[in-house]
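Here is the naming used below: chain letters follow the sequence lines, and residue numbers restart at 1 for every chain. What you are looking at is a predicted structure, and each value in this text was computed from that prediction instead of being measured. Just so it is clear, the values below take in all heavy atoms, side chains as well, and ignore hydrogens, waters and symmetry mates.
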Amino acid sequence: MLLLIILFNSTIRIMAGQRVRTRFAPSPTGYLHVGGLRTALYNYLFAKKMKGDFIIRIEDTDQSRKVEGAQQNLIKTLEWAGIVADESPEHGGDYGPYVQSERLHIYNQYCQQLLEDKNAYYCFSTPEELEENRQLQIKQGLQPKYNRKWLPEEIGGSMPSSEIRKKMESGAPYVIRMKVPDYVSVWFEDIIRGPIEFDSSTIDDQVLMKSDGFPTYHFASVIDDHLMEFTHIIRGEEWLSSMPKHLLLYEFFGWEPPKVAHLPLLLNPDRSKLSKRQGDVAVEDYIRKGYSSEAIVNFVALLGWNEGEGSEKEVYSMEELIEKFSLERVGKAGAVFNIDKLNWLEKQYIKNRPAEKIIQVIKPLLLAELEKRTSLQQREVITSDDYLLQVIELMRERVGFEHEFVTFSSYFFFEPETFEEEGVKKRWNADTNDLLRDFVIELESLEEFSTELIETKLKEFVAPKGLKAAALIHPLRILTSGLSFGPSLYHMLEVLGKETVIRRILSGIEKIAVPV
RNA sequence: GGCCCCAUCGACUAGUGGUUAGGUCAUCACCCUUUCAAGGUGGUAGCACGGGUUCGAAUCCCGUUGGGGUCACCA
C-alpha cells in the first residue's frame, strides 16, 4: 500500500505580509440564514481586524435552486447588519465576476487541464444507473461510492479509451469526475480545530462538472478561492468533511491552499443543526419582529466566540467586535441559539439608544397607525418630538422592541378601548366612581398639570377621607390607560395632559362595570 | 453504518496542572415600589463516565458513552 503524506502549509504566504482577504459565498436560494449571518460576520470581523478585505461571492451553480432576487436580498440584509463588502457583485472589484454563473469559461479551462493531467475523467453513468448501484452497495452493506465504471484504462480503470470516444461521439450526456488517488493521507491544520487527517480511500470520485455544463460547488469554490486570492476560508463545520476533496484539487493544480477555519454549528434547542420547524432561522424574520441589527450582530458574535482573558463584557458594538475578534478564540462546540439572551440584549440597546434615533423609527409607525385609527388627542401634539421624547423616557425600560413604544403603550396616542377586567375587579368598590368624580373637580382646579402637583393634590384629596393613595391611583391608571400596569402614574398623567386625563376618567366611569 | 468533529450550570461561556470552578441569560427569594418594568442583594444549578500520567487534574493521554456533521450531476 502506498502511503503518501500531503502536507499543506500556507503560513509562508501569510507571513510575507499579504493583505488578508476573506469571503462569504452564499447561494442565492432564498433568505439569509442566521448561521450564514454569523459566518459572514466572522469573515468580516476577521478581515477588518486584519485591515484586510471582505468579499461576497454568489454561488449560483445550481440553476434549479436559484431564486429571483435572492442575491440582492442577501446583500441588502448583510448591509442592514452593518456588514458591507469591499468587493461583491453589487459593488464590483478587481477579481470579478463575483457570480459563478458568469465564470463558466474559467471553470471549463481549469477542468480541461485536469483532464489533460489525468486527474479527472469523463463519466457517462446515468443518474438511474448511479442510484441503482448505490442501492446495491447499501444492500451489500458497503459504503455507497461511485464504482468507477468509466475510469479510463490509462489511469488505472477498466474503460478502454475507444469506448469513451464512442460514447462521446454518440452525444451522450456526461459529467467530469475527479480521480481521487487511492490510499493517500490528506492532512491539514484547521485554525480552530488543529490538525485533521483523512484517508483518501474514503473519498468518492467527486463530480466536478455537471452534465448541464455547470461546475459543482466543490470545483467552483476551489478555483475561485484561488483566483480571488483569499488568504483565509472561514465557513461552517458542515464543510469540514469536504476539505480533502478541495485539498486534492489544490494539489492537482499545484496551488497553495488558503488557511481554513471551520466554525461550530448553530443549534436548535434540541442540539440538532439549526433549522426551520424549530423556530425562525431567517434574519429577515428577526428584522420583521423588530430586532435591531446591533442586538442581532452582538448576539450572533457571542455564539461561538468570546473575548477571553477574564473579560465579562456582554455588550459589544461592531467597532469593538472588530477590535477584539480573533479566530483563535472561536470555540469548537456547537452553540444553541438562545432567544432569551437575544431579547435581553435588545432591551440593553433600547435602554441606551439616543431618543432621537428611536423617534426616527417610531414616528413613521405612529403616523401609519394614525391613518387607520383616529385619536381624540391633538395630532400635532402626539406626533411632536417633544411628546414622543416624553413617552420614550417613560417607556424605554418597559418595552422589548422599538415598535412597542407605539403598540405596547398605545394609550399615549389613542383612547383605551377596553379596561382590564382583572384590574377593575380588584381595584373598584361601590364608592370608587364617586371618588373619581370628586377628584376630577380637584384636577380641574390645577393650573399647572405637573407630576408634582398631581401627586400632591391626590394625597391631599385622599388623606382627610382616611383612604390610601392606592384607592385612587389604581383606578386612575386603569381609566387613563386601560391597563393595570405601566409607568409611574403621575408622570404618565402629566404627559397625557389635563384635558385627556379628565376626558378619559369621565368617559371611562360610564363604561366600567362596578362590582356590587 | 463508514469517515470526521465535539463534550464545564437549563442556555452562552471563562478556565490551558494547584481556583471556595468565575461571569451573562433564564429561574427562585428578598429589597426598592401605586402597578409593570428597570435596578440592587442573595440563592438553586455544571466539569458525561472509566482508566491512566502526576505530589496534584475541568485542564494532558487512552478508552467508553453521548451529541452533531457528512457521505448527491445541492450548496
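Residue A:Thr61 places at least one side-chain N or O closer than 4.0 Å to OP1 or OP2 of B:A75. In this model, the phosphate group of B:A14 is approached by a side-chain N or O of A:Asn306 to a distance below 4.0 Å at OP1 or OP2. Not one side-chain nitrogen or oxygen of A:Arg65 sits closer than 4.0 Å to the OP1 or OP2 atom of B:C73. An OP1 or OP2 oxygen of B:A72 is reached within less than 4.0 angstrom by no side-chain nitrogen or oxygen of A:Lys210. For B:A26, neither phosphate oxygen OP1 nor OP2 lies less than 4.0 angstrom from any side-chain nitrogen or oxygen of A:Lys341. OP1 or OP2 of B:A72 has at least one side-chain nitrogen or oxygen of A:Arg134 nearer than 4.0 Å. Residue A:Arg329 places at least one side-chain N or O under 4.0 Å from the OP1 or OP2 atom of B:A14. In this model, the phosphate group of B:A7 is not approached by any side-chain N or O of A:Arg271 to a distance below 4.0 Å at OP1 or OP2. A sub-4.0 Å separation between OP1 or OP2 of B:U34 and a side-chain N or O of A:Lys459 is absent. Contact between the side-chain N/O atoms of A:Lys347 and the OP1/OP2 oxygens of B:A37 is not found at any separation under 4.0 Å. Here A:Arg177 does not reach the OP1 or OP2 of B:A72: none of its side-chain N or O atoms lies under 4.0 Å away.
At whole-Å resolution of the value, NE2 in A:His491 and P in B:U33 are 15 Å apart. We find that NZ of A:Lys332 is positioned 13 Å from P of B:U13, with the value rounded to whole Å. The nearest whole Å value for the distance from the CZ atom in A:Phe408 to the P atom in B:A38 is 11 Å. Distance A:Asn133 CG to B:C71 C1': 15 Å, rounded to the nearest Å.
The pair A:Glu346-A:Arg353 meets the salt-bridge criterion, with a side-chain N (NZ, NE, NH1 or NH2) lying under 4.0 Å from an Asp/Glu carboxylate O. A salt bridge links A:Arg57 with A:Glu59: the distance from a Lys NZ or Arg NE/NH1/NH2 to an Asp or Glu carboxylate oxygen falls below 4.0 Å. Salt-bridge formation is detected for the pair A:Asp60/A:Lys66: a Lys NZ or Arg NE/NH1/NH2 atom is positioned less than 4.0 Å from an Asp or Glu carboxylate oxygen.
Using a 30° and 60° split on the angle between ring planes, A:Phe299 and A:Phe337 fall in the perpendicular class, above 60°.
To the nearest whole angstrom, the two C1' atoms, one in B:G22 and one in B:A58, are 13 Å apart. B:G23 and B:U16: their P atoms are spaced 16 Å apart (whole Å). Taking the C1' atom of each, B:U44 and B:U33 are spaced 26 Å apart, rounded to whole Å.
Within 3.5 Å, a donor on the side chain of A:Ser211 pairs with an acceptor on the base of B:C73, or the reverse.
In a base pair of the Watson-Crick type (N1 to N3 plus N6-O4 or O6-N4) or a G-U wobble (N1-O2 and O6-N3), with each distance short of 3.5 Å, B:C73 is matched with no nucleotide.
Atom CG of A:Leu114 is separated from atom CE of A:Met178 by 7.5 Å, given to the nearest 0.5 angstrom.
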